[in-house]
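Working notes, structure below.
Only a predicted model underlies this, so the values are computations on that prediction, with no experimental measurement involved.
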Amino acid sequence: MSLQIVLDSSGDSRYVFDPAATDELAKARERFSRLTGRGFSAFDKQSGRRLGTFDPTVPETLFVPQLKGG
């Protein structure tokens with residue numbers, strides 16, 4: 001099982017998916033594209049490496065919203 005963690009103003013949302021399940025993998029890939037398209041940065045939580053593309057082998061992906069200045 002893999003996990004996508006999305007940080008936002010209300011805390012975080014967690015989405016578990018099985019990379020071996022085609023339908024779950026498609027939803028995770030679409031979520032990655034939608035969030036990064038909205039300005040979120042994606043990171044491999046274990047290594048801290050920034051992800052430019054969806055990688056289904058990463059056990060935990062952390063999505064961080066774009067920071068806003070004041």
In one Ile/Leu/Val/Met/Phe/Trp/Tyr side-chain cluster, 4.5 Å: M1, L62: yes
Distance under 6.0 Å and angle within 45° of ring axis: R31 vs Y15: yes
Listed once per pair and sorted, the salt bridge (charged side-chain N to carboxylate O under 4.0 Å, His left out) pairs that draw on residues 14-27, sequence neighbours left out: D12-R14
Salt bridge (charged side-chain N to carboxylate O under 4.0 Å, His left out) involving R38 - partner list, sequence neighbours excluded: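 Listed in chain order: nothing, the list is empty.
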Geometric class of the F17/F54 ring pair [parallel <30°, tilted 30-60°, perpendicular >60°]: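 F54 and F17: tilted rings.
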Nearest atoms (heavy-atom pairs only) where S2 meets P19: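 Taking S2 first and P19 second, the nearest heavy atoms are OG-CG, 3.3 Å.
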Closest non-hydrogen atom pair, T36 against A42: CG2-CB, 4.3 Å
Heavy-atom side-chain proximity of [X] to [Y] below 4.5 angstrom:
X   : Y   : value
Q4  : V58 : no
T61 : I5  : no
P59 : L3  : no

Residues F40, V6; criterion side-chain contact (heavy atoms from CB on, under 4.5 Å); working and verdict: CA-CA 9 Å; F40 281 76; V6 182; 3.9 Å; yes
Nearest 0.5 Å, please: how far is [atom2] in [Y] from [atom1] in [X]?
X   : Y   : atom1 : atom2 : value
D55 : R29 : CG    : CZ    : 9.5 Å
S41 : Q66 : OG    : CD    : 7.5 Å
T53 : F32 : OG1   : CZ    : 6.0 Å

Test of ring centre spacing under 6.0 Å for F63 and F43: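 No, they do not, as the ring centres are separated by 6.0 Å or more.
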